[in-house]
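Here the structure is laid out as structure tokens; the discussion comes afterwards.
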Amino acid sequence: MRKTFKAMVMAVLLVGCTALLAGCSRGMTAQGATAYVKSVLDASYKGEFDQYLKITDSTKEEAETMYEDGMNTVVESFKIEGYDIPEELVDKYYELSVELYKSAKYEVGEAKKYDDGYIVEVSVSPFTLMETFEDDFYAKVMADMDTLNNMETEEEYASYIYQAMYDVLKEKVDSPEYKDAVTVKVEVFLDTDEKYNISEDDLYDVEEALFPYSY
């Protein structure tokens, strides 16, 4: 189950965050570097595009399409091999994915000059969801064991698993809990096209700090 959730989380980073890395023109200031990093994070996690569109050359349609594609990839990542998500839960899983990423808690600090670019410090509050998810999920399954024992088909069982997983995740996303903030450094650098860009490795670090795993 942890692997399922890990795949879900990483999917949105790959399709969302890195896909939204449209470069910025040469001549960026420290204030601009901070605004750029914040705009990429807000677009990727919050689905907020106004500042991102002002800073980059992307259109609103492009940004929204990339964001929606990322969320659809998240939904696909929930799928149990051989069994589709029940039709009545597909929209719920999509909304859950949106809510999960909107729960990301971060603050973008000041930028400091570094070579031809900048280092921007991002204060990240880790979401504790994964610390208790597995235990809570299996506790729910055990409590429903009589119901499970009466199921006659694998499809019934798969449908139950999808609903149970959704219920546990939804409860945690609705009432998020966080650990003390940690600092992640994000580099804004001048690329070979003479445009400023953000280190993908640093965005992975932000992702792992936002949604830490215990394995």
Side-chain angles (χ1 to χ4, degrees), residues 1-23 33-48 52 63 66-79 93-94 96-112 114 117-137 165 168-189 191 196-215:
M1 191 56 59
R2 289 181 179 180
K3 289 183 178 179
T4 298
F5 191 75
K6 173 72 170 180
M8 180 197 77
V9 171
M10 292 310 295
V12 115
L13 177 66
L14 291 169
V15 178
C17 234
T18 55
L20 286 166
L21 288 181
T34 294
Y36 178 36
V37 171
K38 187 175 188 304
S39 75
V40 170
L41 295 179
D42 288 350
S44 302
Y45 291 104
K46 311 295 184 180
E48 298 172 359
Y52 178 78
M66 289 179 184
Y67 180 79
E68 291 168 3
D69 286 347
M71 291 301 150
N72 284 323
T73 301
V74 171
V75 174
E76 287 295 309
S77 300
F78 275 116
K79 292 179 69 172
Y93 267 100
Y94 184 93
L96 176 65
S97 302
V98 171
E99 292 169 13
L100 171 65
Y101 271 79
K102 284 188 175 182
S103 74
K105 187 176 181 181
Y106 53 83
E107 292 183 5
V108 181
E110 295 182 355
K112 296 181 180 179
Y114 176 77
Y118 296 90
I119 297 295
V120 180
E121 291 190 350
V122 181
S123 177
V124 175
S125 298
F127 190 5
T128 63
L129 183 151
M130 283 306 298
E131 291 188 353
T132 58
F133 170 73
E134 184 176 282
D135 289 342
D136 290 350
F137 175 76
M165 186 165 61
V168 174
L169 288 171
K170 184 71 166 69
E171 182 177 350
K172 294 182 179 300
V173 171
D174 284 348
S175 302
E177 296 181 358
Y178 303 91
K179 287 187 173 182
D180 292 340
V182 297
T183 299
V184 179
K185 294 182 178 180
V186 176
E187 181 182 1
V188 179
F189 63 93
D191 64 21
Y196 282 99
N197 221 317
I198 298 178
S199 166
E200 291 186 16
D201 288 341
D202 293 344
L203 288 178
Y204 285 121
D205 291 342
V206 170
E207 177 77 8
E208 290 181 352
L210 284 168
F211 301 104
Y213 312 98
S214 56
Y215 60 93

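From a predicted model like this one, the values you see are computed outputs, not experimental measurements.
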Could you work out, with salt bridge (charged side-chain N to carboxylate O under 4.0 Å, His left out) as the rule, every residue matching [X], not counting sequence neighbours?
X: Asp136; answer: Lys172
X: Asp202; answer: none
X: Glu76; answer: Lys79

Under the side chain to side chain contact (heavy atoms under 4.5 Å, CB included) rule, collect the residues that match up with [X], sequence neighbours excluded.
X: Tyr114; answer: Ile119, Glu187
X: Glu99; answer: Glu95, Lys170, Val173, Asp174
X: Asp180; answer: none
X: Ala209; answer: Val124, Val182, Val184

Check: Ala63 main-chain N/O paired with Tyr52 side-chain donor or acceptor under 3.5 Å: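 Pair absent, no side-chain N/O of Tyr52 close to backbone of Ala63.
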Please identify each residue that fulfils ring-ring contact (aromatic ring centres under 6.0 Å, His included) with Tyr118, with sequence neighbours left out.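 Residues passing ring-ring contact (aromatic ring centres under 6.0 Å, His included) with Tyr118: none at all.
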Mind checking what makes ring-ring contact (aromatic ring centres under 6.0 Å, His included) contact with Tyr178, not counting sequence neighbours?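 So Tyr178 forms a ring-ring contact (aromatic ring centres under 6.0 Å, His included) with Phe127.
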Non-hydrogen side-chain atoms of [X] and [Y] separated by less than 4.5 Å:
X: Lys179; Y: Glu131; answer: yes
X: Phe211; Y: Leu129; answer: no
X: Val188; Y: Val120; answer: yes
X: Val75; Y: Leu96; answer: no

Would you find more than 12 non-hydrogen atoms of other residues, nucleotides or ligands less than 6.0 Å from Lys185 atom NZ?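 Counting neighbours around NZ of Lys185, 12 or fewer heavy atoms of other residues, nucleotides or ligands fall under 6.0 Å, so no.
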If you apply the rule side-chain contact (heavy atoms from CB on, under 4.5 Å), what do you find for Tyr93 with Asn72, and how did you get there? CA-CA 9 Å; Tyr93 267 100; Asn72 284 323; over 6 Å; no
Measure the CD1-OH distance between Ile198 and Tyr36 for me, rounded to the nearest 0.5 Å.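 Interatomic distance, Ile198 CD1 to Tyr36 OH, rounded to 0.5 Å: 4.5 Å.
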Taking the six-membered ring for Trp and the single ring otherwise, decide whether the centroids of Phe78 and Tyr94 are under 6.0 Å apart.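 Distance test on ring centres: not under 6.0 Å, no.
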Start with the C-alpha gap between Leu41 and Leu203, add the side-chain angles, then the distance that decides, and say whether side-chain contact (heavy atoms from CB on, under 4.5 Å) holds. CA-CA 9 Å; Leu41 295 179; Leu203 288 178; 4.1 Å; yes
If every non-hydrogen atom of Ser97 is compared with every non-hydrogen atom of Val74, which pair is closest and at what distance?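 Closest pair (atom of Ser97, atom of Val74, distance): OG-CG1, 2.9 Å.
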Any salt bridge (Lys or Arg N to Asp or Glu O under 4.0 Å) involving residues 100-111? Give me the pairs, sequence neighbours left out, ordered by first then second residue.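 Qualifying pairs, neighbours excluded: none.
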Run the salt bridge (charged side-chain N to carboxylate O under 4.0 Å, His left out) test on Lys46 and Asp42 for me, step by step, so that the C-alpha distance in whole Å, both residues' side-chain angles and the decisive distance to 0.1 Å come before the verdict. CA-CA 5 Å; Lys46 311 295 184 180; Asp42 288 350; over 6 Å; no
